[in-house]
Amino acid sequence: MELLSYVIRKLIGGIPLILGVTLISFVLMVYFGPDKTFELLSKNPTEAEIAQVRAQLGYDRPFLVRYAEYLKEMATLDFGFSDSTGERVSSILSRTIPVSLALLAPGFVLGNLLGIVLGLVAAWYRGGWVDKLIMGGAVVGMSISFLVVIVAFQALFGVVLGWFPVRGWNVHDLPSYAYYVTVPTLASVFVALGYNTRFFRAVLVEEINRDHVRTARAFGARPAEILFRNVLMNAMIPIVTRILFSIPLIVVSGSLLIESYFGIPGIGKVTFDAITSGDQPILKAVVGLTAVLFVLILIVTDILYRVVDPRVSLTGDAR
Amino acid sequence: MIMGMLLLAACSEPPSDDNRDVYRHSEDEAPASLDPAQASTVYSNMVVVNVFDTLYRYKYLARPYELAPNLAAGFPDVSDDGLTYTFRIRSGVEFTDDPAFPDGTGREVTAHDLVYSIQRHFDPGVRSQGAWLWSGRIVGLDEWGQNGADYAAPIEGLKALDDHTLQIQLTAPYPQLVYTLAAGFSALVPKEAVEFYGREFSVKPVGSGPFKLTSFNSALATFDRNPKFDRGVLNLADEGYRDDLHGTYGLQALDGQAYPFVDGLEIHFIDENASRWNSFISGEVHNVMVPNEQIDRVLTSKDPIELNDDMAERFHKHSGIEAGFVYGGFNMADERFGHHPDPDQDAANRALRCAIRDAFDWQARNETFYFGLGNVFPGVIVPLVPEFDADLSRRSVQHNLQSANQALDEYGWRDQLPSMSYGMPSSVQQRQMFEQFRAQVQEIGFSTDQFSPESFATFGDFSRAIKNRELDLFFLGWSLDYPDAQNTLQLFYGPNETPGSNNFNYNNPAFDALYEQTLTLQPGQQRTALYRQMNQLVIDDCVVISGLSRTRVHLWDKQVRMLPDREILGGFFMRFVDIGNESETAAMSN
Amino acid sequence: MNAPLLKVENLAKHFPVRGGLLRRVQAQLKAVDGVSFELEAHRTFGLVGESGCGKSTLGRTLLRLHEPTAGRLWFEGQDLTELDTSALKRQRKQMQIIFQDPFASLSPRRTVYETLREPLDLHRIGTASGRKRRIQELLEVVGLRPEAIHRYPHEFSGGQRQRIGIARALAVEPKLIVADEAVSALDVSVQSQILNLIGDLQREFGVAFVFISHDLAVVQHISHEVGVMYLGQLVEQASVERIYSMPTHPYTKALLKAVPKPDPQSDDLDAAAASVLEGDVPSPIHPPSGCSFHTRCPEAMAICRSQTPKSINIGSETDPHQVRCHLVDPALSLHIKHE
Amino acid sequence: MSDPGIILPAPEPAAARLRPERTSLWGRALDQFRRDHAAITGLAIVAVFFLMAVGVWFGWWGTQWSQALGGRWEGPSGGHWLGTNLLGQDIFQRAVYSTRTAFEIGLIVAILSTLLGGLLGALSGFYSSRWIDSVLLWLMGTLDSIPFYLFVAAVAVAMAGNPWAMHIAMVATFWTTTARLVRGEVIKLKNLEFVEAAHAIGLGQFRIIFRHLLPNTFHILLVQGTIVFVSAIKAEVILSFLGLGVQDGVSWGLMIAESTQEVLAGQYMNFIVASSFMFVLVMAFNLFSDGLQDALDPRRAPR
Amino acid sequence: MTRINQPHPVLRVDNLCVEFATTAGQIRAVDQLSFSVEAGQTLGIVGESGCGKSVTSLAIMGLLPKPAGRIVDGSVLLDGQELTRLPEGRLRQLRGAELSMIFQEPMTALNPVYSIARQMTAVLKRHQQLSARQARHRAIEMLARVGIPRPDQRIDDYPHQLSGGMRQRVMIAMALSCQPKLLIADEPTTALDVTTQAQVLRQMVDLQQELGTAVILITHDLGVIAETCDQAVVMYCGSKVEQAPVADLFLQPRHPYTAGLMQSIPRIREHKLDRLPVIEGQVPNLAALPPGCRFAGRCPNREDRCVQQQPPLTERGAQQFACFNPWNGPVES
């Protein structure tokens with residue numbers, strides 16, 4: 001009951017955020033956004049045809065009407081049909097989101113797990129050569145552009161070694177999944193690892209300096225025990241925050257690059273195509289749903305806070 | 001656990017049956033819409049003509065392209081005045097089974113379906129991209145659309161005389177009419193499916209073509225053979241088979257066999273050249289159009305085109321010229337350099353345009369971006385059409401800085417050149433092309449700032465800028481709808497000015513008069529002569545910087561017996577593709 | 001008699017506590033709850049109490065660094081609670097504060113000169129050239145060498161920083177300084193230096209102090225009057241002599257007994273511990289009914305649970321001794337039984 | 001014995017007794033920074049790049065980036081140190097010219113987003129849990145929940161190919177991080193006694209923000225500025241690949257975008273040169289930024 | 001006060017020297033420190049911040065921050081066992097079992113994400129091989145002994161649900177739960193209110209005497225020393241300046257620093273003083289110590305030799321001090 005009232009309160013609190021996101025993205029992407037009209041026209045259009053297409057796309061209606069329409073779509077989660085293909089937006093999303101999740105999940109999980117492990121190791125040996133090695137590696141990883149990594153990995157694994165496909169997504173069982181997901185996963189882990197390790201190390205070092213860690217040592221706790229119970233468990237709030245908040249970014253921005261470069265029909269590629277073709281219903285859906293995802297993640301984060309830290313209360317302000 | 005769920009979600013596609021013969025085709029772009037009414041691109045057409053039927057198709061192997069009846073039983077009867085066409089349609093052809101039909105069983109295709117399919121283009125609700133093919137040509141059709149598109153209302157010029165006979169009455173002779181009935185736009189769609197799927201008809205097409213679409217997304221379209229499809233057997237001789245040209249491809253084995261030959265079809269849409277090429281090399285797809293940057297690695301000779309030994313051992317090749325061209329154009333509506341009411345200024349403006357044209361180096365463009373495989377030609381009658389004049393002076397496509405500078409001096413342009421904006425969709429290659437062009441015009445005195453790029457995030461926005469006459473200079477490509485020079489010459493017809501197809505806003509009464517004169521002419525020497533006259537006008541007025549037709553080099557796996565094409569023939573070839581026996585074990589071995 | 005320098009009447013400061021679905025105010029944290037006292041010029045009022053009793057909040061409310069929730073505040077006969085922003089800004093010149101944490105009380109990125117110059121500039125004290133001289137004087141007064149002027153706070157020890165803090169408070173020549181735990185964070189040897197400095201300054205400049213501390217010994221040393229605070233209220237106030245020689249409120253007594261004496265011969269730890277209070281200080285959000293001290297009071301009676309004791313003067317007119325305890329209420333005639 | 005140990009907080013501020021050799025916070029940071037060899041190396045490399053950019057600015061070199069000086073895909077030679085690209089343009093000249101582009105983007109975005117983030121973050125922190133803070137937090141939340149590339153694309157489209165669209169979009173997204181950090185620091189600082197002291201002497205709110213709070217967040221602004229600088233350079237690569245980046249001119253991002261096709265055709269020069277230039281600068285900047293962060297870390301400062 | 005004197009000290013610290021690497025170079029935080037504690041005895045170490053008293057405790061525990069701090073010389077013998085040369089693993093087994101420590105800040109010294117039960121039983125399970133049930137039982141018993149009401153319920157609380165005094169009691173219970181030979185209490189009551197401080201000290205002393213634990217009590221508060229300790233060590237700038245039984249120390253401090261310290265602390269007096277006696281000047285910088293006596297710069301009894309050479313430790317009865325010119329004057333008490 002406490003949880004429910006909390007979630008309701010947070011959902012209500014998320015409304016301004018969603019309104020803000022929809023308003024900004026509406027103004028930028030829809031109102032001033034790309035004009036689809038001229039892509040839908042025939043080779044020899046007339047003014048009348050142009051007016052007709054604009055009317056069909058709804059471009060001729062006033063700002064407020066169109067924005068209200070968008071809000072209505074958000075409320076009903078029905079974004080109509082793609083302006084390009086005519087496919088129902090909901091069916092596009094339900095077709096592509098699972099692909100993106102399957103594509104991104106291994107890299108996301110590995111990137112964070114490895115980051116935490118490396119962060120723990122570096123934090124424990126901080127100042128020593130192990131730490132310097134790991135952090136040096138992290139800086140190198142952080143300094144390479146994602147694009148460069150993708151191109152290099154494709155060339156290496158796809159062309160030079162020929163172990164994995166350069167692109168595509170023809171997944172129907174576990175081996176084919178592994179076959180297609182490996183290179184994108186390696187690329188995303190490679191890129192994320194530097195940032196993750198660095199962040200986790202900083203958080204863990206902060207925690208390692210706390211009094212209770214000294215207490216644990218004074219009572220003879222083993223390093224593994226200290227690292228897990230005192231350091232990791234107490235650093236969960238920033239860790240959970242970072243991991244959860246990276247989800248919406250990865251789902252849209254991360255998948256956008258990977259998918260358009262690996263030619264994988266996920267939500268990122270659809271979004272990218274929607275940008276370059278001005279497919280507003282899809283853009284509206286993606287942006288709107290990302291905002292909703294953000295709000296949901298805000299809620300999940302707060303609930304997880306309470307799970308990982310008994311001091312956090314959902315009702316009061318006491319933190 | 002979450003991973004497992006994701007995996008399941010991702011693996012929901014049914015496993016493919018490995019015993020089927022599946023031809024895996026690669027294309028460089030995905031079609032936007034599969035609705036014939038919007039089949040304006042090569043990519044849409046590729047799918048549409050395989051899922052739907054058109055009355056006519058092009059012969060498999062004959063070049064220049066020739067029509068052959070497809071759904072039609074023979075060629076139409078044409079009245080003497082050239083205004084009334086009567087088509088006979090095969091009987092016994094059925095649409096594929098689909099939930100859209102009562103009982104889920106496809107019914108017979110009739111002449112009424114063709115009437116409906118062409119009517120749709122004039123229905124304002126359909127957002128047709130092909131209506132212009134028939135606009136103003138068929139008696140009563142335009143009015144029908146303007147009067148609310150009531151499908152129950154009869155149209156005088158477009159009627160089914162019975163289930164298997166269609167009559168079209170033209171407002172004026174239209175020699176290209178039969179060509180238009182081989183275009184994807186004219187494909188026959190069942191009204192039931194259009195109504196059943198509504199807007200989603202564009203991704204769930206139902207037709208009577210050789211294949212039935214089973215899945216479609218921006219990366220892959222898969223098809224099964226349409227078991228109801230029966231057009232008899234392949235007659236190689238009728239299709240224009242010549243042993244000297246086609247002998248090595250193993251097509252003989254197919255002669256006399258019923259088509260389509262493959263059980264399934266996959267079309268992979270792969271945007272990046274490199275990815276597409278690698279998919280081909282690794283055997284994931286059966287064919288590829290050689291991307292430019294691979295030309296040097298693959299070919300030992302460009303004229304004639306010869307593969308290197310390694311490639312020749314593994315793959316078949318075929319090369320052909322594209323049905324279209326790329327060109328640069330000026331916005332003639334701009335008085336700074338386009339048409340001008342003052343004849344002196346008009347002449348000076350022409351000189352400026354000619355100077356820019358002469359500064360443009362087609363050879364460099366060809367070498368850099370088409371690896372020397374492009375076919376540079378003067379004017380706008382492209383090499384693929386029969387009216388092409390191989391002997392035309394090449395003066396207009398020669399890089400000639402001296403004449404360019406001379407003209408600028410002569411007409412007093414020196415030091416007062418206008419600033420020109422160059423529009424382009426934002427892409428790496430477009431930018432490189434621009435950079436090369438800019439380096440060339442700098443040679444005739446334009447400064448970097450005077451010749452500035454304007455890039456557009458979407459092609460639509462780029463088109464809008466052209467249609468709104470905001471760009472001074474732009475480069476575009478045109479692909480032919482049918483093999484007739486009229487298709488490109490109409491781009492310069494005054495009444496077609498923007499937002500029509502005349503993006504140049506070229507307005508020359510002499511040209512227009514000639515154009516109108518040719519409209520009703522049947523193919524022949526007289527028409528060809530007039531076409532060439534018009535062509536010369538366009539060249540002399542320096543409206544365009546034209547042109548180049550690309551040479552396509554197709555490679556395909558030797559186990560596949562076919563002759564791929566994506567120009568005029570396009571998707572029609574897929575029904576004749578056969579996979580050799582080896583493939584049954586080789587598919588997806590990795 | 002003239003109006004006292006500072007007169008506090010029923011001063012209260014409550015902080016709202018929010019919660020629930022609509023984040024409504026659910027309760028009030030009564031940090032200061034009806035405090036009254038007077039302070040003459042040149043004198044020091046010692047405010048003593050354990051952590052969380054509201055003494056720091058009271059100190060800040062006196063300066064209107066917190067807006068009082070209720071009650072009145074007169075400074076030299078003027079009602080401070082009625083001042084608008086600009087008048088308050090002028091008033092700030094009269095009243096200053098010294099803080100506990102010598103590390104947090106100085107801006108780390110400003111030199112001593114900048115720190116001391118700011119109040120002079122703000123209140124337009126002296127001429128531009130005179131200000132520098134004035135700053136040097138101030139440093140001298142608080143016992144710092146003039147070369148300290150262009151140094152940053154981190155270059156000083158805790159005691160020296162506290163001296164800078166005192167110099168800043170003195171810069172505007174205030175009539176009243178609130179010293180909030182001004183020596184608590186310092187080492188003993190430094191503590192006594194600063195205490196002496198404060199004593200000297202009072203003698204030299206006649207500044208009145210409200211001296212807040214949890215250390216009864218320090219308060220005894222520096223104060224003229226002492227108030228003992230518990231849960232936002234003054235439970236006992238009197239002259240320093242009276243409080244320390246005859247503590248009356250059970251809380252005051254307990255406090256005094258609990259202080260460890262630096263003398264192995266004195267009462268043993270056992271004695272101190274025997275008289276110590278049970279339990280912890282209750283939450284100021286939900287203070288106990290009646291006398292807020294009754295939950296820990298060794299002498300609590302039934303009435304203490306239900307009735308809030310009034311403040312009763314058990315001293316004389318001239319030497320008042322206010323105690324908030326039912327035990328001393330003559331109306332209840334309990335003090336007899338107690339004695 | 002190989003127990004790496006846990007560095008406990010100095011149990012007593014023993015270090016506080018240590019007279020620092022330097023007389024200012026910055027001086028001490030400088031000392032700390034000087035001892036950090038990696039950071040010094042990083043700074044030196046950044047300086048070299050900066051000189052390169054300045055040279056391009058003044059037209060000392062890199063002037064012929066747009067001209068076709070040689071044939072297609074020439075190998076490294078005396079004339080073209082790092083070979084030529086598809087158009088016959090000199091790859092070295094283009095890479096050098098791109099240094100200027102990178103610094104322009106990096107500096108503009110870093111400076112603007114730091115200014116904006118610092119200012120709004122300070123306002124938000126100072127007026128925390130007041131309406132102005134709510135509005136700013138709402139704005140930050142909103143901007144943060146729009147996917148970055150979508151946002152940039154939207155700005156680019158909405159501004160119809162304006163060459164500054166990318167910068168504006170980056171500033172609009174990057175400032176929020178700075179603002180949140182500054183906000184947090186200001187909230188922490190404003191409860192410190194020196195701020196109360198400023199109130200007590202009668203200082204106005206804006207003076208407190210600008211004189212007492214913002215200067216104390218300077219280390220955050222500086223470090224965050226360097227981080228944004230690097231992020232902007234890296235984001236440019238992606239945006240240029242997507243066609244939303246630099247409109248006229250050349251940048252490493254454009255070079256890499258050009259080279260993605262060439263790499264698979266076996267032409268690596270463009271890719272290697274552009275990636276290496278960028279990698280070296282970004283790496284150097286990261287090292288520099290790390291060193292700076294360490295040197296300015298308030299927890300290291302003896303207090 | 002009389003306590004049983006045992007021949008073998010539980011802890012013997014001999015000539016302990018600890019150095020720290022800092023940006024200003026190597027500094028010696030503890031210099032040639034020697035003392036010993038016997039079972040059931042409480043040794044107080046008193047001094048101002050930075051005098052090295054806490055570093056000493058960490059050095060004994062083997063918890064010096066590495067690699068910055070290390071023991072450069074001397075020995076620490078716990079029951080005859082040399083701790084400074086013990087491998088980390090063995091030392092770990094001793095910590096919490098043979099020697100325990102409690103810290104100043106009760107608010108932060110416990111792991112906030114685990115319940116008291118979990119933290120206390122972890123220690124018991126680790127060192128005493130108790131089952132979970134036994135460990136819980138023992139933990140509740142220990143909590144009861146340090147005076148926590150309803151220990152069977154409070155044991156499932158999280159640290160933030162307890163007040164500072166309660167937490168410090170939990171720390172004491174935890175530290176003594178394995179009946180260590182030595183307990184080091186580093187400023188255990190400094191962060192507590194006076195009323196709580198007395199309670200907590202009481203509980204600690206009671207339990208210590210019950211268990212016969214040796215205690216090192218580190219504090220800056222001479223009052224605490226006077227009330228709880230048998231012996232006291234006074235440290236200044238890293239070295240011991242005086243050691244004596246508490247009664248002797250307060251009766252007649254010998255080192256001028258001890259005397260100054262005693263005089264300058266504010267205490268509740270019957271008659272107020274106008275000015276407090278002070279020790280003039282400041283503690284010297286550890287990185288630049290004077291060659292002679294470290295207190296010489298502030299010493300009222302300073303002689304010339306004090307500035308040049310370090311006074312050796314002199315014994316006078318049970319009292320030790322490092323001064324050429326010891327204090328003889330009266331000390332107000």
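Reminder, nothing fancy here: chain letters follow the sequence lines and each chain counts from 1.
Residue E/Q203: no heavy atom, backbone or side chain, is found under 4.5 Å from chain C. C/S184 does not touch chain E: none of its heavy atoms, backbone or side chain, sits under 4.5 Å away. No part of E/I225 comes within reach of chain C, as not one of its non-hydrogen atoms sits under 4.5 angstrom from that chain. Heavy-atom distances place no part of C/V219 under 4.5 Å from chain E, backbone and side chain included.
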### Message
Using the rule given for side chain to side chain contact (heavy atoms under 4.5 Å, CB included), can you reason through C/Q160 versus E/Q282, listing the C-alpha separation, both sets of side-chain angles and the distance that settles it, and then say yes or no?
### Response
CA-CA 10 Å; C/Q160 288 170 324; E/Q282 290 177 46; 2.5 Å; yes
### Task
Give the intermediate values and the outcome of side chain to side chain contact (heavy atoms under 4.5 Å, CB included) for residues C/E50 and E/T195.
CA-CA 8 Å; C/E50 293 181 288; E/T195 53; 2.3 Å; yes
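Remark: C/R203 CZ to E/D274 CG distance equals 5.5 Å, nearest 0.5 Å. Going from atom CG of E/N285 over to atom OG of C/S157 covers 11.5 Å, rounded to the nearest 0.5 Å. Remark: E/I279 CD1 to C/D187 CG distance equals 10.0 Å, nearest 0.5 Å.
Closest approach of C/V188 to E/P266, counting heavy atoms only: CG1-CD, 4.5 Å. Between C/A258 and E/V194, the shortest heavy-atom contact is CB-O, 3.8 Å. Closest of all the heavy-atom pairs between C/Q193 and E/G281 is NE2-O, 3.3 Å. The two atoms that bring E/L276 and C/H221 nearest to each other are CG-CE1, 3.4 Å, heavy atoms only.
With chain E as partner, the option from C/D200, C/L195, C/V218 having the largest number of non-hydrogen pairs under 4.5 angstrom is C/D200. In terms of heavy-atom pairs under 4.5 angstrom with chain E, the leader among C/G199, C/S51, C/G159 is C/S51.
Side-chain polar atoms of C/S189 and E/E48 form a donor-acceptor pair below 3.5 angstrom.
Judged by distance alone, the side chain of C/Q220 and the main-chain N or O of E/R269 form a donor-acceptor pair under 3.5 Å. Side chain of C/N196 to main chain of E/R275: no donor-acceptor pair is present (N/O by atom type, distance under 3.5 Å, no hydrogens or angles).
Using a 4.5 Å cut-off on side-chain heavy atoms (C-beta onward), C/S192 and E/I265 make no contact.
A 6.0 Å sphere centred on CD of C/E140 holds no more than 12 heavy atoms belonging to other residues, nucleotides or ligands.
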